[in-house]
Novice: 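The structure's right below; bear with me while I get my questions together.
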Amino acid sequence: MFRNHRKLIVQILRYVISCGLIFFVVKFLLVGDESRPIPKLNDLKKLMIEAENENSKRLLSVKNTCKKYNLGIYKEIKKISPFKHPPAPQYSVFYIARSRDLSYCPIYKAGSTTWIYNLCLLMNVTEEELNSGKEQISTIARRAIPELEFPEADEALRTTKKLLVVRHPFERLLSAYRDKLENSVAGREHGTLHFYRKYGCKIVEKYREKNFTRPRDDQVIRTKDIPPPAGIEPTFREFVQYVIHTDLANYGDDHWMPYYLFCAPCVVDYDIIGKVETLWRDQIYTIHKLGLQKVIKPRWRHGGGYSNTSKIYFSQLNRDMVEKMYEKFKLDFELFDYSPDDYYQYAFSA
């Protein structure tokens, strides 16, 4: 019976590979869902060692990049830096749970809902309240973990473990656009109409060309059962033009502000740097590293989506736009060891 079962598994895997579906299977296994079991004993030990080594590399990458560009706590007064880096953290954006020895800087569209949810559980907020839909999780979290002001916040940041979770800068930027600006009709409970009034209409007014044509059907994604955009919203191309020409430090939104400006990794000495690309593993590592496994478990909030979203939307851009956008987020790319190379291939030649 076991042999037949093993043969069946082999046949299924062969079929999956032959159909070119292996990517989706692997992606599912890597991301998983809340029911995916946590590794046991030896497997957990191997995961912790692997994640510890990777975390050390990530921390070193941040340190070396900050030194390279003469930023933050590594700044030498006589040297000039090509980047303007915050002289101090934005204390108000941090969730500082001193009773749990944990401070978290939430980068929106980079696993923030997942970790804010976890922090709420750590502060004894019930899952029933978090899942009720009556309030946004961030609102509940701020009630459970009030903002701290200087100097109390500064002391707390120095004495607690500090967590940062990042994502490929272009993926995060596209996710922010699709979630907040692509459709002003759907998702109004999450602020899409507000974002249209604050940013979208101004982007269209400034960057829409006279001979404007809508992106082709193969350059956008429309989800079934969701009302289509009203037609007044900015395209991804127009949004990118806005990002390229805007001083994001002074006029950008938290959802697309560069990591180095928002969470100040050259000033804050983070202990753990997670990535959305390895979120499941990094959650297990963080939870066990901080001894929180009896209170929270790894989870994936707001997962799913298309595997080729970037390829579809970046086809609206020419290579010059992608290069300029890279320059805008270059420091984030270097700090966290990401590459823009694939995205140049998605763009069209000008």
Side-chain angles (χ1 to χ4, degrees), residues 1-17 21-62 95 97-106 110-128 130-131 159-168 269-304 307 336-337:
M1 182 176 179
F2 176 74
R3 287 182 178 177
N4 291 336
H5 182 65
R6 186 169 61 182
K7 286 181 179 178
L8 178 61
I9 292 175
V10 171
Q11 288 175 351
I12 292 173
L13 286 174
R14 284 176 177 170
Y15 173 76
V16 166
I17 294 171
L21 298 175
I22 191 69
F23 171 80
F24 299 100
V25 175
V26 171
K27 182 179 180 183
F28 172 78
L29 291 174
L30 287 174
V31 175
D33 58 20
E34 294 182 24
S35 64
R36 185 181 171 193
I38 298 173
K40 302 291 184 181
L41 299 174
N42 288 338
D43 288 337
L44 178 58
K45 191 178 294 184
K46 289 178 182 177
L47 181 149
M48 291 297 290
I49 293 172
E50 174 189 302
E52 180 75 38
N53 291 335
E54 183 61 34
N55 188 58
S56 296
K57 291 179 183 177
R58 292 172 181 176
L59 294 175
L60 184 60
S61 176
V62 169
Y95 289 92
R98 287 176 291 182
S99 62
R100 292 295 186 175
D101 188 31
L102 178 61
S103 296
Y104 169 61
C105 185
S112 60
T113 303
T114 297
W115 268 107
I116 291 174
Y117 190 99
N118 283 336
L119 283 169
C120 286
L121 294 178
L122 288 177
M123 301 308 290
N124 301 315
V125 180
T126 66
E127 292 203 56
E128 181 180 6
L130 291 170
N131 297 328
T159 57
T160 56
K161 300 295 184 184
K162 291 163 285 293
L163 170 66
L164 178 65
V165 181
V166 296
R167 180 182 189 180
H168 191 291
D269 189 15
Y270 288 94
D271 297 279
I272 300 174
I273 296 177
K275 289 188 175 183
V276 168
E277 293 82 2
T278 51
L279 184 61
W280 181 261
R281 185 202 67 184
D282 293 350
Q283 280 191 87
I284 295 174
Y285 168 70
T286 303
I287 290 168
H288 283 77
K289 181 81 171 175
L290 300 177
L292 303 173
Q293 59 269 29
K294 292 184 179 180
V295 188
I296 56 177
K297 62 183 179 180
R299 63 188 71 244
W300 174 248
R301 312 287 300 180
H302 292 179
S307 62
F336 304 108
D337 194 26

Novice: How long is the gap from OG on Ser103 to CG on Leu164, to the nearest 0.5 Å?
Specialist: 12.0 Å
Novice: Could I get the full list of side-chain hydrogen bond (donor to acceptor under 3.5 Å, both in side chains) partners for Ser56, not counting sequence neighbours?
Specialist: none
Novice: To the nearest 0.5 Å, what is the distance between CG (Leu163) and CD (Gln283)?
Specialist: 9.5 Å
Novice: Within the side chain of Arg100, is there an N or O that forms a donor-acceptor pair under 3.5 Å with the backbone of Leu122?
Specialist: yes
Novice: State plainly whether the residues Asp101 and Lys161 are in salt-bridge range, i.e. N to O under 4.0 Å.
Specialist: no
Novice: Do any N or O atoms from the side chain of Glu277 and from the backbone of Arg167 form a donor-acceptor pair under 3.5 angstrom?
Specialist: no
Novice: Do any N or O atoms from the side chain of Asn55 and from the backbone of Ile273 form a donor-acceptor pair under 3.5 angstrom?
Specialist: yes
Novice: Can you name the closest pair of heavy atoms from Ala97 and Met123 and give their distance?
Specialist: CB-SD, 3.8 Å
Novice: Could you please spell out the steps behind the side-chain hydrogen bond (donor to acceptor under 3.5 Å, both in side chains) verdict for Tyr117 and Asn131?
Specialist: CA-CA 10 Å; Tyr117 190 99; Asn131 297 328; 3.2 Å; yes
Novice: Ignoring hydrogens and angles, write down the donor-acceptor pairs under 3.5 Å from the side chains of residues 288-296, residues two or more places apart or on other chains.
Specialist:
from	atom 1	to	atom 2	distance (Å)
His288	ND1	Ile284	O	3.0
Lys289	NZ	Glu52	OE1	2.9

Novice: Using 4.0 Å as the upper bound for N to carboxylate O, is an ion pair formed by Arg281 and Glu50?
Specialist: yes
Novice: So, do Tyr270 and Val62 sit near enough that their side-chain heavy atoms are less than 4.5 Å apart?
Specialist: no
Novice: Has Asn53 got a side-chain atom pairing as donor or acceptor with Ile49's backbone, closer than 3.5 angstrom?
Specialist: yes
Novice: So, are Lys275 and Asp337 salt-bridged, with charged N and O less than 4.0 Å apart?
Specialist: no
Novice: Classify the ring geometry of Tyr104 against Trp115: parallel below 30°, tilted from 30° to 60°, perpendicular beyond 60°.
Specialist: tilted
